[in-house]
Structures are given as structure tokens and as C-alpha cells.
Undergrad: 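I'd like to ask you about the structure that follows.
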Amino acid sequence: MKKSIPILLIIVISIVCLAGCVPEIKDYNIDAPDLSIGATFRDDSGIDLGSFKLKRNNGAKGYVDVTFPSPKVINTVVLREQGYNISDFAIYNISNGKEELLYRQDGIDGMRYCVFDTVSVSKLRVKVLASYGGYNLNGISIYEAPKEERDFSVTTYLHIDRFLSLEDYDRDFGIESFSSITDVILFDAATLRVDGTLDVNPNIAVAVRNLREVEKRLQKKFTIYACILNGKYNGDPDNWNNDMNLKSAHYAKAMRDNSEKLIDEINTLIDRMGINGAAFDWEYILKNEYWNVFADFLIALDDAIGEENKISIALSDWSNKLPERAFDAVDSVEIMAYDLFDSRKNHSNFYDCTYKAVTEFVDRGFPIEKLNLGLPFYARETEGGEALWFEYRLEAEKLGYFGNSSDYVEYGNGQIYAFTHYYNGAQMIRDKTAWAYDYGLKGVMVWNHTCDTRYDLTEKSTGKPLSLFRAISDAIASRKK
């Protein structure tokens with residue numbers, strides 16, 4: 001009997017948990033009532049539904065109307081799909097029998113966070129416009145996301161050699177593009193040598209001086225990092241894994257065998273430039289021995305530079321084995337949530353590169369308040385088999401506010417690349433930023449700064465802003481008190 005009682009208790013507890021302990025999905029976080037509760041649902045055939053659902057076996061267009069018992073003020077809709085088939089959908093406010101477009105995007109993929117300007121509605125229409133075969137839209141939640149006063153970081157990677165003339169920058173992009181930015185990582189500030197010395201970019205002082213001038217004009221203060229990259233090494237271009245290991249051996253030689261010298265050089269660079277810290281983008285560490293080297297170096301650097309200076313590291317969710325002992329040494333983790341392809345071969349879609357990417361870090365014990373969600377300001381090809389990158393500024397007007405995908409890009413020199421490629425357009429960037437704010441992340445990170453278009457560029461047909469930095473600013477403004 002002494003053995004049978006515990007076994008019986010385990011069986012009973014297991015049965016109870018199977019029945020009532022199913023964990024709630026926590027792939028977004030809004031502290032507000034779900035306004036879909038109490039609403040009624042009717043599909044496009046006029047059938048009243050007991051719950052929100054729209055299923056088509058043949059991929060035909062369809063919609064569901066959501067009618068509220070009284071007008072509701074809303075700014076966020078969360079949709080769910082079983083499967084990954086919907087490729088174009090829209091949300092409308094139905095006013096006086098007419099559709100007023102609030103939102104449009106190209107995929108739901110498990111969960112889609114749809115963010116738009118605050119509006120009062122009595123009836124919403126969710127319409128599927130295209131799909132890959134049949135689809136099953138099976139969930140909706142509707143909110144007026146509350147405003148919250150908290151710190152929220154916007155970190156940008158800025159190439160020094162693209163920021164040498166403030167006059168040219170203001171002409172091409174607009175100084176206002178820095179209005180929401182809190183942290184600047186000068187990407188090519190220095191490279192390390194195996195002996196622990198740094199090869200410092202001679203133009204770093206110009207870039208820092210220009211950032212100080214931007215601070216004066218916008219009346220704000222940046223946290224500025226020097227990004228320490230790997231120096232020259234004998235690589236293996238024909239074997240990616242071997243090449244990464246050869247690169248890591250070069251990093252490790254400096255960080256392990258000559259760490260004191262390297263730390264002294266970094267300290268000197270920070271002090272001489274009057275900046276705030278160092279950033280590291282070690283792509284990619286494949287062996288545990290190198291993760292241990294990196295961890296030990298970060299701890300030693302943190303001790304040396306003091307609390308007033310900061311450390312940022314860039315990591316991917318698929319390549320992240322940093323030992324836990326180094327977590328406290330790091331102030332910011334820049335999650336490289338891009339160059340990751342979904343079943344449609346689109347890079348950096350919404351669900352996989354927000355909640356799922358962040359979860360990989362949280363599950364490993366990284367404090368959520370140190371995590372910055374990476375946002376790509378560029379496209380990757382979805383076909384053609386070539387490693388191509390396209391800057392958003394080249395196609396912002398063609399994409400429009402809601403667009404993410406393009407069939408070709410034409411450069412100023414007359415070259416045309418006829419590859420379908422996928423961006424994160426203005427609406428997608430706004431969605432991801434709002435999700436990060438609501439979820440409690442430290443902030444967002446941008447790769448890279450000068451891929452954006454002018455801050456004041458708008459869509460001709462709607463007047464909607466096309467700058468991705470503007471999309472970030474709008475998302476923060478909708479959430480911040």
C-alpha cells in the first residue's frame with residue numbers, strides 16, 4: 001500500500017491536469033478585455049455563427065462580420081488560422097454599409113497581431129482575399145490596447161561610412177528618422193586582431209560627432225556602441241561550417257589568449273570616443289568551446305568597463321548556446337529574427353519571428369527585459385536560389401503601406417533583378433514593434449539603418465507614411481502614455 005498510494009495520486013493528478021490544466025497560449029500580452037466576447041458573428045452567406053470561424057475547402061474568398069452590442073473603441077485585432085494557407089486578408093470597419101479599410105496583410109501563420117489607428121466601430125469585417133487552397137480561420141480577439149509608460153529601446157545598426165556627411169544624410173533620409181532611436185551601434189567601428197589589438201575605423205570620430213549634432217537638433221541623448229567585428233582570417237568559402245569554425249578560432253585567439261589586451265583596447269576606444277559601450281556580432285558560433293570563450297570574455301569585459309558602460313550582443317534563436325553565467329554581463333541581446341524562411345520562403349514572417357523567436361531566448365533563461373526584437377529593413381529572395389539582399393528604400397513606394405512582396409527590383413544603374421523577394425513593410429514593422437512593446441521586451445533592433453526611405457515619404461493614394469522608422473514611432477506612440 002505504501003507504493004500504491006503515491007502511484008494512485010499521480011494518476012489522479014494527471015487526469016485532473018489533462019482535464020483542466022491546459023496552459024493558456026501566451027503568444028501576445030494585452031492587459032485589456034477581449035471585446036470579441038459578447039459580439040455576434042455572421043458569414044458572407046448570411047449564416048449566424050456561434051463563434052468566429054471561416055472555412056473554405058476550395059480557397060474561395062469569404063468574410064465574417066463581427067457585430068458588437070454597442071460601439072467599441074479598438075486598435076488591435078488578433079487572428080488565428082489552423083494551417084498556413086491564407087495569403088491575403090483585410091480588416092474593414094463597416095460604416096453606413098460601406099467598407100473602410102483598416103488593415104491588410106499577406107499571412108496569418110498561426111497568429112497575426114493586427115495593429116492600426118484607434119477607431120470606434122460597431123461592425124468589423126474580416127475578409128480572406130486569397131489563399132493557397134483551402135483555409136480555416138478559427139480565432140479572433142479584439143482589443144483597445146492600453147497605453148503604458150515604460151522605457152522602450154529602439155536600437156539601430158548604423159554603418160559609419162554611410163554617415164560621414166550629416167547634410168547628405170538629412171537630404172536622403174531626414175534627421176527626423178532618429179526621433180524614436182535610443183541606441184546606436186556603429187557597426188564597422190573596429191575589427192579585432194588575434195594579438196588583442198583593434199583596427200579602428202578612422203572615420204568613427206566623424207560618425208560620433210554627427211550623432212552628437214543629431215542629439216542637439218532633436219534634444220535627446222543616444223547610447224552609442226562601438227561594434228567589434230572579426231578581423232581578417234583564412235577562411236573556407238566552399239564549406240560554410242568550416243568557415244564559421246575558422247572565424248571562431250580567430251575570435252577565440254583574441255578573446256581567450258589576449259583578453260587583457262583586447263579589453264584594454266576596448267576601454268580605450270570607449271573613453272577616447274566618449275561613447276557608452278561595446279557591441280559584438282559573432283556570426284556564427286558552432287562549437288561549445290567557443291561559446292565558453294565568449295562567455296568568459298563578456299564577464300571579464302563587464303567587470304572592466306564598469307556599470308556606466310554597456311555590452312550588447314547579437315544572437316540568433318537557432319544559434320544560441322551562450323552559457324547562463326554570462327547573462328548578467330550583457331545589457332542587451334539583439335535577436336537576429338530575420339533571414340529565417342517560412343513554408344512560403346518568405347523571410348522574417350510575423351509569428352515565427354516574434355513570439356517563436358523570443359520564446360527560444362526566454363526558455364533558456366534570458367531576462368525578457370534585455371531582449372530586443374530584430375527588424376529587417378531589407379528583403380530576401382523567395383526564389384532563384386541566390387543569396388540576394390534588397391534595401392527597402394529602393395521599393396518603398398512600389399510596396400505601399402501594406403505591401404511586403406515584390407517581383408523585381410530596378411537599381412539606378414539600369415540593372416533589373418527579376419526575383420520575387422520579401423520585405424517587412426511599414427504595416428509589418430508597426431505590428432512587430434507594437435507586439436514587442438506589449439509583450440514586455442526591452443525594445444526592437446533595426447538591421448540596418450540606411451535601408452529605410454525618407455522619414456517624410458508617404459503613399460500617394462492614402463497619405464500613409466512609408467518610412468519604417470516612422471512605423472516604429474507610430475507603434476510606440478499608440479502604446480506609450
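Heavy-atom basis, side chains included; hydrogens, waters and symmetry copies ignored.
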Undergrad: Side chains of E395 and Y423: do they bring a donor and an acceptor to under 3.5 Å?
TA: yes

Undergrad: What are the two closest non-hydrogen atoms of V64 and K53, and how far apart are they?
TA: CG2-O, 3.3 Å

Undergrad: Taking all heavy atoms of K123 and all of N93, pick out the closest pair and write down the distance.
TA: O-OD1, 3.4 Å

Undergrad: For D34, is the CG atom crowded, meaning more than 12 foreign heavy atoms sit under 6.0 Å from it?
TA: yes

Undergrad: Looking at K370, K442, E369, which one forms a side chain to side chain donor-acceptor pair (under 3.5 Å) with S332?
TA: K442

Undergrad: Of the options N372, T354, V358, which is the one that meets L441 in a side chain to side chain contact (heavy atoms under 4.5 Å, CB included)?
TA: V358

Undergrad: Looking at D172 and R393, is there a salt bridge between them, counting it only when a charged N and a carboxylate O are closer than 4.0 Å?
TA: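 No, this pair does not count.
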
Undergrad: For the residue pair R104 and F402, what are the closest heavy atoms and their distance?
TA: O-CD2, 3.2 Å

Undergrad: Considering all heavy atoms of both residues, which atom of F52 and which atom of F41 are nearest to each other, and what is their separation?
TA: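 F52 and F41 have their closest heavy atoms at N-CD1, 3.7 Å.
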
Undergrad: Assign the ring pair F469 / H449 to parallel, tilted or perpendicular, where the plane angle (0 to 90°) is split at 30° and 60°.
TA: tilted

Undergrad: For D31, does the CG atom sit with more than 12 other heavy atoms under 6.0 Å from it, leaving out its own atoms?
TA: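 Atom CG in D31 is not crowded, with 12 or fewer foreign heavy atoms closer than 6.0 Å.
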
Undergrad: Verify the ring-centre separation between F366 and F327: is it less than 6.0 angstrom?
TA: yes

Undergrad: Provide the closest heavy-atom pair for D44 versus G62 in the form atom of the first, atom of the second, distance.
TA: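 D44 and G62 have their closest heavy atoms at OD2-CA, 3.3 Å.
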
Undergrad: Could you tell me whether Q82 atom CD has more than 12 heavy atoms of other residues or ligands within 6.0 Å of it?
TA: no

Undergrad: Compute the centroid of each ring, for Y378 and then for H347, and state whether the two points are separated by less than 6.0 Å.
TA: yes

Undergrad: For the residue pair F178 and F163, does the interplanar ring angle fall in the parallel (under 30°), tilted (30 to 60°) or perpendicular (over 60°) class?
TA: tilted

Undergrad: For atom NZ of K464, is the number of surrounding heavy atoms from other residues, nucleotides or ligands below 6.0 Å larger than 12?
TA: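 Yes, the 6.0 Å shell around NZ holds more than 12 heavy atoms from other groups.
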
Undergrad: Could you check whether the rings of W291 and F294 sit parallel, tilted or perpendicular, using 30° and 60° as the cut-offs?
TA: tilted

Undergrad: Would you indicate whether K55, at its atom NZ, is surrounded by more than 12 heavy atoms from other residues, nucleotides or ligands within a distance under 6.0 Å?
TA: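 No, the 6.0 Å shell around NZ holds no more than 12 heavy atoms from other groups.
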
Undergrad: Nearest heavy-atom pair of L468 and I429: which atoms, and what distance?
TA: O-CG2, 3.8 Å

Undergrad: Strictly under 6.0 Å, is that where the ring centroids of F377 and W447 end up?
TA: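 Here the rings of W447 and F377 have centres that are no less than 6.0 Å from each other.
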
Undergrad: Cation-pi check for Y92 against R125: NZ or CZ below 6.0 Å from the six-membered ring centre and within 45 degrees of the axis, yes or no?
TA: no

Undergrad: Is the count of non-hydrogen atoms from other residues, nucleotides or ligands lying under 6.0 Å from K481 atom NZ greater than 12?
TA: no

Undergrad: Given the ring of Y437, does R150 sit roughly above its face, with NZ or CZ under 6.0 Å from the centre of the six-membered ring and within 45° of the axis?
TA: yes

Undergrad: Do the side-chain N and O atoms of Y113 and Y439 include a donor-acceptor pair separated by under 3.5 angstrom?
TA: no

Undergrad: Between Y408 and K398, is there a cation-pi geometry (under 6.0 Å to ring centre, at most 45° from the normal)?
TA: yes

